[in-house]
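First the structure, in the form of structure tokens, and then the observations on it.
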Amino acid sequence: MKKIVVVDYGSQYTQLIARRLRELEVYSEVIHHTEDTSLEDVVGVILSGGPNSVTVEGAPDLPNWFQKVKVPVMGICYGMQLLVKNFGGKVDKTEAAEYGRTEIRTLKCSSIFENVPRNFNVWMSHGDSVVNIPENFDVLAETENNIPAALCSKDKRIWTLQFHPEVRHTEHGMDIIENFLFNICRAERSWTMEKFLEEKISEIRETVGDSKTILGLSGGVDSSVAAVLVHKAIGKRLINIFVDHGLLRLNEEQEVPNVFRDKLGLNLDVVHAKDRFLNRLQGVTEPEEKRKIIGKEFIRVFEKEAKRVGGEFLVQGTIYSDVIESAASGKETAKIKSHHNVGGLPEKMNLKIIEPLRYLFKDEVRKLGELLGIPHEILYRHPFPGPGLGIRIIGEITEEKLNILKEADAIFIRTLKEKGWYERIWQAFAVLLSSKSVGVVGDERAYDYVIALRAVNSVEGMTADWSKIPHEILDEISRRICNSVKGAGRVVYDITSKPPATIEWE
Ligand code: XMP
């Protein structure tokens, strides 16, 4: 299959380049700049951006196979500067470092800017700039500061962009990538999710061989897609483990096995560990302590199960946003919550990790899930945290509170679905406050729990805004909860964004 090679110089946007190529149905492979590649079937090469400066000794250089390349090459940001330096031009630190939105103007017609206006805004992120262009190169576009924004060699083989066409903030970025692929490289549209699936399946088969592998299935989008994908590759030799820790949403402990075992035919073991978890959590009110107990207990249960079923591999539903997030969370980052480590299994388990979704973005994972026949309700379900309802009951967790919260949460979600609001919201759930509030039911004084409703719109949960659910719908939810959930006496709506608040209450 014809392909584009994307050479990675460490930019946070490298996988985004690959993703844009997939959107245009072009097959690509991302390789590290020190990695070797056969140039067979390669119709174009893209050099990514990166955090280094080509002016510094020892900065990453062109791949050692670069001299053999006869096909078109496009260098983006660091990739551009590297090409300029190697073709005899000069890059240097200039006063005019450019970050963020910048207007550029094209200076002449060229196939890379076909169907793109003369002036448009692009996303820049560079401290160094091209100060001398190489001989036999033309400037195709420049910024307001007269810094070259795009160059092309006179033989029309080497193309360079100082800005990032792969980033949404760059106007016409997709047109530029499309021009490079189809006008310049003559790439073909051959990448489809079906092909990706086929390839992943044979890759997993090859990796796992005759061994067994395990997977912790939560019923969330990512672990569900990973489970069905690996099941398709190796069948019952994938053993899925679903831990019912008692902190799941209403009826989830029945629904997950029902879908995955009975409908989709997966090999699924359910571990009933509710009592174990609730006993350990008895009397605990501190959020961090609750998280730690749930996390530790989860690992203990999982380790025991893994030992019981055996297996050489562990499948994880890591997706690309998790990869970026963990790369971004440096040591200095303040610990807001001991997050995402629930289900993060210890290295000493000695299992080899398989992450088949590692380079896919969430919407691509959903698309793959659709292709695998996973029901819509699972693929478009709101995210649910590992510690589950344990962090949605403020203070001590008891069975009574759990039952109240499950009922209230189910009513909230059901009503949102009925009113067509569920898929307009990124995440919605109910929280139970342990302080009680006075009410009047009939002629009697009531003293019941407060239910807080939380609904947010977000992209991947890093920041969030509270959802503007119409008052009539909130009214209906509140009445339904108060009328039918015994023990819930008052309903409030959380109107705080993140930051300053977090999405979960604990
Ligand atoms: P916060 O509350 O930090 O949540 O704004 C952001 C997103 O992360 C989810 N979340 C978790 N997910 N384990 C998880 O797997 C956790 O411990 C955890 N804590 C929060 C939260 O539901 C939201 O989607």
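Numbering of residues begins at 1 and proceeds along the displayed sequence. Atoms within a ligand are numbered from 1 in the order they appear, just like the ligands themselves. Basis for what follows: all heavy atoms, side chains included, without hydrogens, waters or symmetry-related copies.
- One distance of note links CG of L229 with NZ of K200; it measures 8.0 Å at 0.5 Å rounding.
- Remark: ligand 1 atoms within the under-4.0 Å shell around heavy atoms of T502 are 1 (P), 2 (O), 5 (O).
- Residues P387 and L247 fail the side-chain proximity criterion, which asks for heavy atoms closer than 4.5 Å.
- You'll find the side chain of V284 reaches within 4.5 Å of the side chain of I293, heavy atoms only.
- Using a 3.5 Å distance cut-off with no hydrogens or angles, the side chains of S48 and S11 do not pair a donor with an acceptor.
- If you number the atoms of ligand 1 from 1 as listed, the ones under 4.0 Å from a heavy atom of W426 come out as 24 (O).
- Atom CZ of R490 sits in a sparse spot, with 12 or fewer heavy atoms from other residues, nucleotides or ligands closer than 6.0 Å.
- In W505, neither the side chain nor the backbone holds a heavy atom less than 4.0 Å from any atom of ligand 1.
- Backbone and side-chain nitrogen or oxygen atoms of G461 are examined, and none is located within less than 3.5 angstrom of a nitrogen or oxygen of ligand 1.
- The N/O atoms of E504, backbone and side chain alike, include one that comes under 3.5 Å of an N/O atom in ligand 1.
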Working for salt bridge (Lys or Arg N to Asp or Glu O under 4.0 Å), residues E364 and K367: CA-CA 5 Å; E364 294 179 306; K367 231 164 124 187; over 6 Å; no
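- Counting atoms of ligand 1 from 1 in the listed order, those under 4.0 Å from a heavy atom of P387 are 13 (N), 16 (C), 17 (O).
- For ligand 1 and K498, the ligand atoms under 4.0 Å from any heavy atom of the residue are 1 (P), 3 (O), 5 (O), 6 (C).
- Nearest to atom 23 (C) of ligand 1 by heavy-atom distance, out of Q427, R291, R392, is Q427.
- Taking the centre and axis of the six-membered ring of F429, the NZ or CZ atom of R454 falls outside the cone set by 45° and 6.0 Å.
- Using modelled atom types and a 3.5 Å distance limit, the side chains of R22 and S28 yield no donor-acceptor pair.
- Residue contacts with ligand 1: P383 is placed with no nitrogen or oxygen under 3.5 Å of a nitrogen or oxygen of the ligand (distance criterion only).
- One option in V456, I294, I503 has a heavy atom closer to atom 5 (O) of ligand 1 than any other, and that option is I503.
- Of all the heavy atoms of A464, none lies under 4.0 Å from any atom of ligand 1, so neither backbone nor side chain is involved.
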